[in-house]
Amino acid sequence: MDWSLIIENSIKGFIGINAVYFAIAAIGLNVQFGFTGLLNFGQAGFMACGAYGLGMTAHYFGISMWWGIPIGIAFSVVLGFLMGIPTLRLRADYLAIVTIASAEIIRLVVRSVKFKTYFGGSDGINGFSDSFRNIGDDIGIVQANQYGFWPLRFTGREIWTLVVGWVVVAVVAYFVYLLMKSPWGRVLKAIREDEDAVRSLGKSVFSYKMQSLILGGAIGTMSGMIFALDRGSVQPDNYSRDVTFYILTALVLGGVAKVSGSIVGPMIFWGIFTFMDNFLRQVAKDPVHLGNFTIMKSTQVGQLNYMLIGLTLILLMVYRPQGVFGNRKEMAFDGH
Amino acid sequence: MVTENSLSEATVVARAALSGVERAPGAAKPDAILNASGVRREFGGIVAVDVEHVEIQRGSITALIGPNGAGKTTLFNLLTGFDKANTGSWAFNGKSMEHVAPHKTASLGMVRTFQLTKSLTKLSVIENMRLGATDQKGEKWWNGLFGRIWKAQEASITERAEELLNRFKIGHMRDEYAGALSGGQRKLLEMARALMTNPTLVMLDEPMAGVNPALKQNLNEHIRGLRDQGMTVLFVEHDMDMVHDVSDWVIVMAEGRIIAEGTPDDISKNPAVIDAYLGTRQGQSLLEDE
């Protein structure tokens, strides 16, 4: 069993690019779900907006990649309105249905053969991220070089995306933190509890919910951009339902309605996930045989890992429903 | 009973203004802040509210009473935009209100509370209060990012909120979660929060429900206090003693319609009202301590 590899990979999982793009998406989801109480199950759809905004610059529009940032955000604003206008006047569950469906519609449309000229079909879009990589080269981070020391060793390519990614996390987190401390955030938290009370005090609940949905969605869009830049490609199936639910899981793990929770949750999620995966793979290298029964074949690693993740989450919900950073008191008074 | 010499100046003025008003459903008032005509709301085949005409006198405390299911709360919901009327028109301060969204009625000066208190239990008491203030600069997200834009306003809002909390004797609970308050304290908080909007008409839906008798006296004083500060109060209540104690004018609803209007003394002796409450004529006053 190679512990040094397990530890190194786990630490990479903890602070790696997966944690980064999950954290950004979770911060956005936290604005909607944690602070406003909007059940957005379509965060993957917003992420796809960002990824395709970037990808389409080269693939379809034929313009500089940097235009992809405003284009992606514009896509997500449009998506927010499309989801919000019909549903935000209704009960919360309707938004959940519409968001989950919208995200799937987006995925199916972008991977369809019919629209291949715009979105690249199921192959997705590649080769648009050079201008991003070039900046890394320009400031002297050589993509192929190894940097750092055990257990923190990254290639130059990884380092450049990680630095940019964590800067985006920090900026977005501070932005949301400021907003939630402001009277604007107070209105959102009040809406989460009782819309009619907020209405009776002269605030337009619909307008605030729309702002929250779009703001959270635009942050999710940035997450999709970071992910696309890291892979250097946009693949439609990276924006499926499970992504939304893993992000939601990571958010709940960290603690909803806390900005810190939406950063630490994804880190712990990917830390544990990577650790288990690596650990089980090491076990499977040298399986234990009990008669005909083999403990851990390498093909079983993935399944078992997901089961254990599920079990961890069940235990967490039972024993610490507020998550790692959540406020027990804020959870304590249910109903009246 | 409240004796004449203990009445505040505002009470005397309000009662004098109402003394000449006809004791009949839909009576015209000398200075109406709110008037409504032909308001009708049906739920399926049931007519919940069918009010031909009603006016609320400015600067008075008007009680809206009636048996369960009389349509009092529905009328409240209609007037404040929380429910849509099938037909009808009403105006507040001369401004037509039929198509005004609920959140706009509050900014126009017409604020309501709810029968089941809606304290925001996971916000602190002081945050509940701050939420009530209208026209906050920091409630626009692009301003919210910059503390220097809204901090000064926030400080003055907080000051006003603390004053109100102290007046309602829940100042010591300032930093507690509202969920930690007792039922009666939540009623007080909701009323105080409504006042943060600087209303001219305060509509209270059963302010006394679930409040213990000692606190009821206290609440009575607060309601009179509102009127003494120049506000108009319209409240729904079941507690007849309280209605008699605090109101200048009483409107009685039954089965969606207004069946009687008058001073508390008139109403407690009105046979139609006794019928509505008890079903058959008992020939007795509704008050316990006559």
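Fair warning: this is a prediction, and the values are worked out from it, not measured in the lab. Chain identifiers are assigned alphabetically (A, B, ...) following the order of the sequence lines, protein sequences preceding nucleic acid strands; residue numbering begins at 1 within each chain.
- Contact between G144(B) and S182(A) at its shortest, heavy atoms only, is O-CB, 3.4 Å.
- Heavy-atom neighbours of Y177(A) OH from other residues, nucleotides or ligands within 6.0 Å: at or below the threshold of 12.
- Atoms CG and CG, from D194(A) and L123(B) in turn, are 11.0 Å apart once rounded to the nearest 0.5 Å.
- For D93(A), the CG atom is densely surrounded, since the number of other residues' heavy atoms within 6.0 Å is greater than 12.
- Using a 4.5 Å heavy-atom threshold, the side chains of R130(B) and P183(A) count as separate.
- Using a 4.5 Å heavy-atom threshold, the side chains of K118(B) and E193(A) count as separate.
- Taking CD of E139(B) as the reference point, atom OG of S207(A) lies at 10.5 Å (rounded to 0.5 Å).
- Under a cut-off of 6.0 angstrom, the local environment of CZ in F245(A) is crowded, with over 12 non-hydrogen atoms contributed by other residues, nucleotides or ligands.
- Of all heavy-atom pairs spanning A194(B) and L201(A), the tightest one is CA-CD2, 4.2 Å.
- Residue L82(A) places its CG atom among more than 12 non-hydrogen atoms of other residues, nucleotides or ligands, all under 6.0 Å distant.
- For the pair H103(B)/V205(A), no side-chain contact is recorded, criterion being any heavy-atom separation below 4.5 Å from C-beta on.
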Margin query: Using side chain to side chain contact (heavy atoms under 4.5 Å, CB included), reason through W184(A) and K140(B) one step at a time and then give a plain yes or no.
Written below: CA-CA 6 Å; W184(A) 186 78; K140(B) 302 201 165 50; 5.8 Å; no

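- Contact of T197(B) with chain A is made through the side chain alone, with heavy-atom distances under 4.5 Å.
- Of all the listed residues (E190(B), M110(B), E154(B)), the one sharing the greatest number of non-hydrogen pairs under 4.5 Å with chain A is E154(B).
- Put simply, OH on Y174(A) and CG on L145(B) are 9.5 Å apart, with the number rounded to the nearest 0.5 Å.
- Other residues, nucleotides and ligands place more than 12 heavy atoms under 6.0 Å from the NZ atom of K216(B).
- Considering only heavy-atom pairs separated by less than 4.5 Å from chain A, the leading option among Q136(B), E127(B), Q153(B) is E127(B).
- Around atom CD of Q229(B), more than 12 heavy atoms belonging to other residues, nucleotides or ligands sit under 6.0 Å away.
- With respect to chain A, the highest number of heavy-atom pairs below 4.5 Å among P199(B), P102(B), G183(B) belongs to P102(B).
- W141(B) is not listed as a side-chain neighbour of S212(A), based on a closest heavy-atom distance of 4.5 Å or more.
- Using a 4.5 Å cut-off between heavy atoms, F175(A) touches chain B through backbone and side chain atoms alike.
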Checklist line | Derivation and outcome, side chain to side chain contact (heavy atoms under 4.5 Å, CB included), residues R199(A) and R112(B) | finding: CA-CA 10 Å; R199(A) 245 176 231 122; R112(B) 67 166 302 179; over 6 Å; no

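- For W66(A), the CH2 atom sits in a packed shell: over 12 heavy atoms of surrounding residues, nucleotides or ligands are nearer than 6.0 Å.
- Summarising the local packing, NE2 of H172(B) is surrounded by more than 12 heavy atoms from other residues, nucleotides or ligands at distances under 6.0 Å.
- The side-chain heavy atoms of L131(B) and K203(A), taken from C-beta on, include a pair separated by under 4.5 Å.
- Rounding to the nearest 0.5 Å gives a distance of 5.0 Å between CZ of F114(B) and CG of D196(A).
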